[in-house]
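Right, one structure below, let's go through it.
Every chain is numbered from 1, with letters handed out A, B, ... down the list of sequences. Keep in mind that the numbers below use all heavy atoms, side chains included, and drop hydrogens, waters and symmetry copies.
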Number of protein chains: 2
Amino acid sequence: MADGRQAMYRKVAAELRQGISDGAYGSGGRLPAESALAQTYGVSRGTIRQALALLRADGLVTSRRGTRRVVLGTARVQTFSETVSFTRWARSLGEEPGGRVVDVVRRAAEPVEREKLRLAEGDEVCLVLRVRTLSAVPVMVERSVYPRHIGEIVAGLDPAAVSHTVPLEEHGVRFTDVHHTIDLTYADADDAALLDCRVGDALLRERRRSTDPTGTPVEWSEDRYLPGTVAFTVHNSSAAAALSRRTAS
Amino acid sequence: MADGRQAMYRKVAAELRQGISDGAYGSGGRLPAESALAQTYGVSRGTIRQALALLRADGLVTSRRGTRRVVLGTARVQTFSETVSFTRWARSLGEEPGGRVVDVVRRAAEPVEREKLRLAEGDEVCLVLRVRTLSAVPVMVERSVYPRHIGEIVAGLDPAAVSHTVPLEEHGVRFTDVHHTIDLTYADADDAALLDCRVGDALLRERRRSTDPTGTPVEWSEDRYLPGTVAFTVHNSSAAAALSRRTAS
DNA sequence: CAGTGGTCTAGACCACTCC
DNA sequence: GAGTGGTCTAGACCACTGT
């Protein structure tokens, strides 16, 4: 049975997050000392530090020896779940997500796909081409590649299903790690038809490789967004550097 | 005096990183148990867990209750310093960074600049326009805005200086937190002239806001890359979600 | 100098995975 | 049931910031 309760440090983090976004400490203001927070919440300093590490990673507070933590920003931070699922992301913004599956193909994995999904020669993959909308306006074309056993599930879904991530989770497929590569590409004939733009128009591209809790790749996907519809934001600190810049290959 | 020694958990993390990139555990292989590592390195389990948290954030290993950690990837991860400085980034890739300052302007801060740099009305800012090259080929146009006291330093630098970050650090200006926004934009006349492209061509845009250890904003910058020269990568996990997707505003 | 966060220890109990 | 990582405690010492 999964542990339904939430860890104490997550509750503390949530309360502090709330306090920060309510402006209880002000932008550029200071948080109470760790020892004070430990007393307030009735937990040990270690637990408070775990909570603060979460806020630190989200870029909400600084931390350095000698002074109290300073509030960096009050912006709401997206959950991992919202960064993985287009549907949940859109709903969290109050937008109406939509879309349709344009094409589904099953065939033997090509070399690149085998490498990305860590498959053996001859293994099958399932390719899904979808167009996705916000308030009925097309904003993105998604090309996903799944290993066979996941593809079976996706292929069996209602073609009108808005989300694939949610039903996949209901089948026990969990996404826990995602590696993203963001750059720019140009619309091909499919993109142009689906996004109502011209062939050769520039699109913002996000390529993703997702793995499950065991470290097994479960999805490799390429999303192409119409310019002006989305931007990606990342917080980076000397404590945790998640972002990298790469030369295009 | 600054602490010249490195924390134990950072040394352990560095050794584990080395082992992973050497393939000592294989891709998809398993790390030794925390207790075993603690014994190997002669430290407590808590210290080992701090080290592993670093690798977790870099997306090098998974972690879940009940089983040993699994190696996710062996790719070298960029340091924070390399993500902040174009010069250091280029050198770490074995490329020769270059560039020149095209224009420097000092004037009163406009409302957007005041907000981003948290300045008061009437405060001055320093704007620097630079073109940056890799092996003498222009790849990026950088427009930076600095508050007055930092601008003084930048304006006083050798116009031929390749890096601004390094001399700024020598003047005691430290960057510790950066918030990035990545999207797409189109070349204006300046961009076109400096990057040798046409007005209206699509460019990959990165906007950055950097703060120092006290949480004070020290730089607000907009970089525009020629397509096909760079891509940005981010690792995201349910343990630490650094990436967000935003609607363009 | 007092107060703060950074590092480290030694132990405990628990939820979970896998055999 | 044995082994593993997740959570939490209670303490210690130190480096650093500010007054």
#### Entry: Whole-Å gap separating P (C/dG5) and CG (A/Leu55)
13 Å
### Message
Among A/Arg143, A/Arg209, A/Lys116, A/Arg208, exactly one meets salt bridge (Lys or Arg N to Asp or Glu O under 4.0 Å) together with A/Glu219. Which residue is that?
### Response
A/Arg208
## Note on the structure
A/Met8 CE to D/dT9 P, in whole Å, measures 8 Å
### Query
For D/dG5, does OP1 or OP2 lie under 4.0 Å from any side-chain N or O of B/Ser35?
no
### Message
Give the residues of residues 9-21 of chain A touching DNA chain C, defined as any heavy atom closer than 4.0 Å, sorted by residue number.
### Response
none
### Query
What integer distance in Å separates B/Gln6:CD from D/dA15:P?
16 Å
### Summary
The reported gap from CD1 in B/Ile153 to CZ in B/Arg148 (rounded to nearest 0.5 angstrom) is 12.0 Å
### Query
Starting at the 5' end of DNA chain D, which residue's closest nucleotide do you reach first, A/Ile48 or B/Arg69?
B/Arg69
### Residue closer to the 5' end of DNA chain C, A/Ala33 versus B/Gly42 (nearest nucleotide)
A/Ala33
Dump the pairs, protein N or O against N or O of nucleotides 17-19 of chain C, anything under 3.5 Å, distances to one decimal.
none

### Message
Quick check for you: among D/dG5, D/dT9, C/dG6, whose closest atom lies nearest to any side-chain atom of A/Glu34?
### Response
C/dG6
### Summary
Minimal heavy-atom distance between B/Val218 and B/Leu117, with the atoms involved, is C-CD2, 4.4 Å
#### Entry: Integer-rounded Å distance: D/dT7 P and B/Arg56 CZ
11 Å
### Message
Rounding to an integer number of Å, can you tell me how far B/Gln50 CD sits from D/dT7 C1'?
### Response
15 Å
### Summary
Here the gap from A/Cys126 atom SG to A/Arg106 atom CZ, rounded to the nearest 0.5 Å, amounts to 6.0 Å
#### Entry: Contact list for residues 15-29 of chain A, test salt bridge (Lys or Arg N to Asp or Glu O under 4.0 Å), sequence neighbours left out
A/Arg17-A/Asp58
### Pairs flagged by salt bridge (Lys or Arg N to Asp or Glu O under 4.0 Å) wherever residues 25-45 of chain A is involved - sequence neighbours left out
A/Glu34-A/Arg45, A/Glu34-A/Arg49, A/Glu34-A/Arg69
#### Entry: Residues which pass salt bridge (Lys or Arg N to Asp or Glu O under 4.0 Å) with A/Arg132, listed by chain and number, not counting sequence neighbours
A/Glu142
### Task
Mind calculating the distance between CG (B/Leu52) and P (C/dC8) to the nearest angstrom?
14 Å
### Task
Enter the distance from B/His235:NE2 to A/His180:NE2 here, rounded to the nearest 0.5 Å.
8.0 Å
### A/Ile20 side, atom CD1; A/Leu72 side, atom CG - distance, nearest 0.5 Å
9.0 Å
### Task
Mind checking the CZ-CG spacing from A/Arg207 to A/Asp223? Nearest 0.5 Å is all I need.
11.5 Å
#### Entry: A/Glu152, CD: over 12 other non-hydrogen atoms inside 6.0 angstrom
yes
### Message
Looking at D/dG6, I'd like to know if its phosphate oxygens (OP1 or OP2) sit under 4.0 Å from a side-chain N or O belonging to B/Arg49.
### Response
yes
### Task
Measure the distance from CD on B/Gln39 to P on D/dT4 and round it to the nearest whole Å.
12 Å
Show each protein N/O and nucleotides 11-13 of chain C N/O combination with a separation under 3.5 Å, one pair to a line.
unit_1 : atom_1 : unit_2  : atom_2 : d
C/dA12 : N6     : B/Arg45 : NH1    : 3.3

### Query
Do the side-chain N and O atoms of A/Arg56 and A/Ser63 include a donor-acceptor pair separated by under 3.5 angstrom?
yes
